[in-house]
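Note sheet for the following structure.
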Amino acid sequence: MSSGNRSEAVDVQKSYEVRTYGCQMNVHDSERLSGLLEGAGYVRAPEGSDGDADVVVFNTCAVRENADNKLYGNLGRLAPMKTKRPGMQIAVGGCLAQKDRDTIVERAPWVDVVFGTHNIGKLPVLLERARIQEEAQIEIAESLEAFPSTLPTRRESAYAAWVSISVGCNNTCTFCIVPALRGKEKDRRTGDILAEIEALVAEGVSEITLLGQNVNAYGSDIGDREAFSKLLRACGRIEGLERVRFTSPHPRDFTDDVIAAMAETPNVMPQLHMPMQSGSDRVLKAMRRSYRQERFLGIIEKVRAAMPDAAISTDIIVGFPGETEEDFDQTMHAVREARFANAFTFQYSKRPGTPAADMDGQIPKEVVQERYMRLSALQEQISWDENKKQVGRTLDVMVAEGEGRKDGATHRLSGRAPDNRLVHFTKPGQDVRPGDVVTVEVTYAAPHHLLAEGTPLAVRTTRAGDAWEKRTTAAAAAKPAGVMLGLPTIGAPSPLPAAAAPACGIG
């Protein structure tokens, strides 16, 4: 019977849609969910289908106070569509599913499948079982069943990819629920990581981003404190790999050997996104962050000494329970000292299931908002001042797909500099593809992007551009659902620092 269902899925081109909320880990998981569904015979629904698919999957986030309201609102909008479409299925996975379990089907009985963060590979089986048994399937694993990178994927980009090196987290930050939902850190074998990167490069990928909940703690499973720096150096020996990035590190594990590996490995980019969270030692202690302001700023100083052109970004929480005006002043001081290229600033909100949610000293919303506005204004000015220092510099920009919303109207292209700054530049006189590299001179700086308004100085076609062109041509001819590779891969990394802010406390 199951064989017949899979055949039927192929014959009638059943469609799927995956809606992703939250952090890079969820983006990573959604690439796998898409690959699993396509392996089971489904095809991706057209963009903008808005629930008009045979299977709709919600990959949820649990770290915002209103995460459940957002989910149930979206589920409610799908209920009448499901009534009108016999056979339509709805699945809910991710962190909120891991946390709430049976509650989801109780509140939304039209949901067919609930699965957690540890068993995403079961989705096709659970959908089929729900179809056969005509009842909701709830399956939440308490520990990781298979490392996500062993699963098939639908990779979104021909030239850039995430590569997961670990899952889970051993920290106990009081504002973060991720360790409870993702489990303790589990590291992937170095050989498997490098094999995946080599396979990606063979397919034309030229930029990879190493991904982990606490990426620079890699090696804790085997007791090797220098495992992450060794991995960075090993990436430098992979021929054809032009750019290596990683996110997000924790200051506790940011050791001198990592800084040296970054500075001495040519394809490791001069970019660092390292969450500070607060500049107040007292608040950092309440957050159970294992460093203090002096330690954090000391790391920034060492990074800049080794890589003067490095762009450093961060995450900051405003209004953590008990934060005084003096505490907030310490955060403002740290921001002035660090001079971040960009900062994702968050107003603290209760995250159900975290110790901070029950702490005394919850800050009134109007106070949090006022502090947030002051911090945002300061960081905006610093970002602009730091970007102005780029004017007159010559940069090699990797052309990106979908980065410039106004590119069509302005006759420009967009891409990322080595330090990950977003650059909009004049179209060259020759065809340029995503993945190709264009050398430009910066003529203007805004707080969140750079402009290169003159004629580009050089264009370098790349294997990554060839891969993009090959895939685009194939898509136009056959409209395939995705690129399925022989070895598991992951999708295009969300750009930092201009991407949506990290949402699950990574780092």
Side-chain angles (χ1 to χ4, degrees), residues 10 13 15-16 18 27-28 30-39 41-47 149 151-164 193-211 235 238-245 267 269 396-404 407-408 412-416 418 423 425 427-439 456 458-495:
V10 174
Q13 293 284 282
S15 60
Y16 76 90
V18 178
V27 174
H28 166 108
S30 288
E31 298 285 338
R32 305 299 181 187
L33 293 170
S34 295
L36 286 161
L37 290 170
E38 292 183 8
Y42 293 90
V43 296
R44 192 175 190 175
E47 293 292 331
S149 293
L151 302 173
T153 190
R154 182 194 193 280
R155 182 156 58 82
E156 297 293 341
S157 172
Y159 56 90
W162 295 111
V163 174
S164 180
I193 296 168
L194 295 175
E196 179 178 349
I197 296 172
E198 289 169 353
L200 287 164
V201 172
E203 291 289 334
V205 166
S206 60
E207 177 177 316
I208 60 103
T209 300
L210 303 175
L211 178 64
C235 288
I238 297 177
E239 186 176 354
L241 180 59
E242 296 192 14
R243 295 186 174 191
V244 178
R245 307 185 191 277
N267 64 356
M269 294 294 97
D396 289 332
V397 179
M398 182 177 289
V399 183
E401 191 170 25
E403 290 274 28
D407 282 353
R412 294 177 181 140
L413 296 175
S414 299
R416 294 278 165 178
V423 183
F425 59 92
K427 280 186 177 181
Q430 64 190 85
D431 289 340
V432 178
R433 308 156 303 179
D436 288 338
V437 176
V438 179
T439 304
V459 173
R460 177 167 63 85
T461 58
T462 65
R463 291 174 60 255
D466 294 343
W468 179 89
E469 184 174 0
K470 180 180 178 181
R471 193 174 90 160
T472 303
T473 301
K479 296 185 179 179
V483 174
M484 301 299 293
L485 303 181
L487 287 176
T489 58
I490 10 187
S494 302

Query raised in the report: Rounded to the nearest 0.5 Å, how far does CZ of F425 lie from OG of S414?
Result: 7.0 Å
Report task. Answer yes when K427 and D407 have at least one side-chain N-carboxylate O distance shorter than 4.0 Å, and no when they do not. Result -> no
Query raised in the report: Taking all non-hydrogen atoms of both residues, which atom of E401 and which atom of Y159 are closest, and how far apart?
Result: N-OH, 2.8 Å
Requested in this report: State, to 0.1 Å, how close L241 and S206 come at their nearest heavy-atom pair, and which atoms those are.
Outcome: CD1-O, 3.7 Å
Query raised in the report: Any donor-acceptor pair under 3.5 Å linking the side chain of N267 with the backbone of R243?
Result: no
Report task. Supply the atom-to-atom distance E207 CD to M269 CE, rounded to the nearest 0.5 angstrom. Result -> 8.0 Å
**Report entry** Distance, nearest 0.5 Å, that separates CD of E198 from SG of C235
**Finding:** 9.5 Å
Report summary line: In terms of heavy-atom contacts, E239 and V201 come closest through O-CG1, 3.5 Å
**Report entry** From OG (S164) to CZ (R32), nearest 0.5 Å
**Finding:** 8.0 Å
Query - Ion pair check, E38 and R44, cut-off under 4.0 Å - result: no
Query raised in the report: How far apart are the closest heavy atoms of G465 and D436, and which atoms are they?
Result: CA-OD1, 3.5 Å
Requested in this report: Search all heavy atoms of S30 against all heavy atoms of V18 and return the closest pair with its distance.
Outcome: OG-CG1, 3.6 Å
Query raised in the report: Mind checking whether T462 and E242 have side chains closer than 4.5 Å, heavy atoms only?
Result: yes
Query raised in the report: Got a second to check how far R471's CZ is from E203's CD, nearest 0.5 Å?
Result: 10.5 Å
Query raised in the report: Do R463 side-chain atoms and G435 backbone N/O form a donor-acceptor pair below 3.5 Å?
Result: no
Query raised in the report: Under a 4.5 Å cut-off applied to non-hydrogen side-chain atoms, are K470 and D466 in contact?
Result: no
Requested in this report: Output the distance between atom CD (Q430) and atom OG1 (T461), rounded to the nearest 0.5 Å.
Outcome: 8.0 Å
Query - Min side-chain heavy-atom separation V438-V432 under 4.5 Å - result: yes
Query - Smallest separation among heavy atoms of A467 and G204, with atom names - result: CB-CA, 3.8 Å
